[in-house]
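Note that the coordinates shown come from a computational prediction; the quantities given were computed from them, not determined experimentally.
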Amino acid sequence: MEIKNKTGFNFFRFFNDLILIGVSFYIAAEFTKKNSGVIFSLSDVGLLFFLVLGWYFSAINNRYYDNFNSQTITSELYKTLNNIFIQFCLLVLFLFAAVHLNYTRKFVIVYIASLCILMPFERIFYRRIMLFLHRKGIHKKKIIIVGAGRTGMDFFDKINKNSNLGYEVVGFLDDESKSHLNGKYLGNIEKIKQYVEIDIPDSQLDEVVVALPNSAHHKIKYIANTIRNYPIKLKIIPSYHDMMDTHFRLNVFAGYPIITVRDEPLDDIHLRAVKRAFDVVFSLFVLIFICSWLFPLIALAIKLDSPGPIFFIQERWGRKNKKIKCFKFRSMDFKSNNVDPKTGKYQQAKKNDSRITKVGRFLRKSNLDEFPQFVNVLLGNMSVVGPRPHPSSLNIESKEIIDNYMVRHLVKPGITGWAQVNGLRGATTDPALMKARVTCDIWYIENWTLLLDLKIVFLTIWNTITGDKNAF
C-alpha cells in the first residue's frame, strides 16, 4: 500500500470501527427484525459485508485514518459523519435492490443512529486517552530540531500549538547562534553526537527532525551517518515543502523515494471504479425514468421553434485532452456563428444573446439542454460530476492566459461541477472568472469524494429549482 500524506492506513483503528459497525448492526437487527430467532441470517451476513466494504472504501477515499494526531477534532468528526452518510446511502441502495428481504425503515434508523453515537464517541474517547497519556509523559516523543531557520521555527510553532501531536522539543541545533530561542538553542550541528549518545532513559531522544536547506547536503549526510548507529528516528523536512499542500503522495519507485506534488484521489483505480459505478447507475436512472418521455417532448419543441437539427454536437476536450463529441440539445439558431468575425475568438453565450432561440432559452435556463450528455456518461467519455468541458477553441485560448488551466483535464469532464454550483457558470469572458472556475475545478479534483459528487448533484437540482442568475 502506498503511503499517502505521510502516514499509512491504521489497521488497528479500522478494526475498532469494524467492531462498532458490527455492534450497530446487531442492535438494529435485534430490535427491529420481525422474524425472531436467527438474527444473523445469510442476508444479514451479505448486508454486513456490503456495509463493511463500503466503510473501507469511503474511509480510504476521505483519508479517514491519515494523520490522526494532526487533525482537529472538528475535522475528525466531520469525516466520521461523512462516512456514516455513505453507510446510509449504501444501506438504502441495498434495501432498494433487495425489497423482498425482511428489513424495515426502522432498521435503517436504528443502525445509523447507533453509528452516530458510537463512532464519534470512539473518536473523542481515543483522542482524550492519547492527550492524557501525552500530558503524563507517556508515549510522548522527545525530539531535536536541526536548523533554526524559517522551516524549523514554523515546525516548532506547529508542535507547540498542538499538544495532541505528542512531541516535546528538547531544543535546536544550528551552526548559527540563535539567541531568540529562549534557552532552546543547544549548539552547533556537530553536537548531534553528544545528544544521541545520552543513555539516560528520561533524557533519551526519540527523533531528530532535520529542517535544513537542500544546499546543506553534506550536513544532512553527516547527521544521517551519526544517527544510523543509534535507536533514534531521523526525519527530514524537504526545503521545497512549500511547493506541496496536503494533497501529495510519497512512495518508493525502483528504490527511489518519489514525491508526487499533486495527488488526486481518482488516481486510484478502485476509486475510479466507485465513481464510474455511480455514473452508470445515475445515468441509467435519468435516461430510463426521465429522458425516455422528456426527450420526445423537447425534440418536438425544438423542431416547431426553429429549423435545424435537434441535437448540437460539438468537439470538446475530455480526460488527458482527448477530443470527445459532446451532445446537447440545440439551443441556438442553426446558422449562428460561434466565432466572432471581429476578433476571431470563440463567442461564448451571453445574457440576451440573439443567437439563442425561444425554446433554447428555456432549455438553458433549466439545464435541460445538457441532458443528452448522460449518453456521453454511459459511453465513458464524461462523468455526471466533473469540470465542465469547454469547446476546443476556448481551451486553446484559455490555456495561454490562465495558470494551471490544463490541470482540469486530469479527470473526465462532467455534466455539472463544483464551479457551477458555486455560481461560476455561463460566460467567462473576464479572465478572473475563468481563473476562479479553474481554481474550483482543481479543488474538486484534489478533494474528490463520492459524498462530494452527491452534494454537487443535489446543489445542481436545487439551483435549477430556485433559479440560477448565471443560467442563460
>> Looking at Ile143, is its backbone amide N or carbonyl O close enough to the side chain of Asp206 to form a donor-acceptor pair, meaning the two atoms are under 3.5 Å apart?
In response: no

> Taking Asp441 for the side chain and Pro387 for the main chain, is one N or O donor matched with an acceptor at less than 3.5 Å?
Replying inline: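 Judged by distance alone, no pair lies under 3.5 Å.
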
> Partners of Asp453 by salt bridge (charged side-chain N to carboxylate O under 4.0 Å, His left out), sequence neighbours excluded?
Replying inline: Lys275

>> Applying salt bridge (charged side-chain N to carboxylate O under 4.0 Å, His left out), can you list everything that pairs with Glu122, at least two apart in sequence or on another chain?
In response: none

Closest contact, heavy atoms only, [X] versus [Y]:
X	Y	value
Pro389	Arg316	O-NH1, 2.8 Å
Ser392	Lys323	OG-CD, 4.3 Å
Leu115	Ser24	CD2-OG, 3.4 Å

>> Under 6.0 Å between ring centres: does that hold for Phe327 and Phe374?
In response: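 No, the ring centres sit 6.0 Å or more apart.
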
> With ring centroids as reference points, do Phe107 and Phe25 lie under 6.0 angstrom apart?
Replying inline: yes

Tell me, yes or no, whether the heavy-atom count around [X] atom [atom1], taken from other residues, nucleotides or ligands under 6.0 Å, exceeds 12.
X	atom1	result
Lys233	NZ	no
Lys184	NZ	yes
Ile269	CD1	no
Tyr185	OH	yes
Tyr78	OH	no

> So Val146 and Leu212, side chain to side chain contact (heavy atoms under 4.5 Å, CB included) or not? Walk me through it.
Replying inline: CA-CA 7 Å; Val146 181; Leu212 295 172; 4.0 Å; yes

Side-chain touch [X]/[Y], heavy atoms, less than 4.5 angstrom:
X	Y	value
Thr226	Ile223	no
Val170	Leu205	yes
Val286	Phe371	yes
Thr449	Asn82	no
Leu454	Phe85	yes
Asp17	Arg123	yes

> Looking at Trp317, is Lys322 sitting on its ring face, NZ or CZ under 6.0 Å from the six-membered ring centre and within 45 degrees of the normal?
Replying inline: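 Pair Lys322/Trp317 does not count as cation-pi.
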
Would you mind checking if [Y] and [X] are paired as a salt bridge, meaning a charged N to carboxylate O distance below 4.0 Å?
X	Y	value
Glu168	Lys141	no
Lys235	Glu207	yes
Lys191	Asp175	no
Asp369	Lys328	yes
Arg388	Glu370	yes
Asp154	Arg150	yes

Look up atom [atom1] in [X] and atom [atom2] in [Y], then write down how far apart they are to the nearest 0.5 Å.
X	Y	atom1	atom2	result
Asn422	Asn463	CG	CG	9.0 Å
Arg319	Asn321	CZ	CG	11.0 Å
Leu48	Tyr111	CG	OH	7.0 Å
Ser383	Leu266	OG	CG	8.0 Å
Leu234	Ile227	CG	CD1	4.5 Å
Leu47	Leu90	CG	CG	9.5 Å

>> As a quick check of understanding, evaluate side chain to side chain contact (heavy atoms under 4.5 Å, CB included) for Ile415 and Val385, giving each step before the final call.
In response: CA-CA 6 Å; Ile415 298 175; Val385 181; over 6 Å; no

> Does the side chain to side chain contact (heavy atoms under 4.5 Å, CB included) test come out yes or no for Tyr222 and Ile192, once each step is laid out?
Replying inline: CA-CA 10 Å; Tyr222 167 76; Ile192 184 67; 3.8 Å; yes

> Would you call the rings of His409 and Tyr405 parallel, tilted or perpendicular, where under 30° means parallel and over 60° means perpendicular?
Replying inline: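 The rings of His409 and Tyr405 stand perpendicular, inter-plane angle above 60°.
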
> Can Arg13 and Asn16 be said to form a side chain to side chain donor-acceptor pair (under 3.5 Å), step by step?
Replying inline: CA-CA 5 Å; Arg13 294 179 62 214; Asn16 288 341; over 6 Å; no

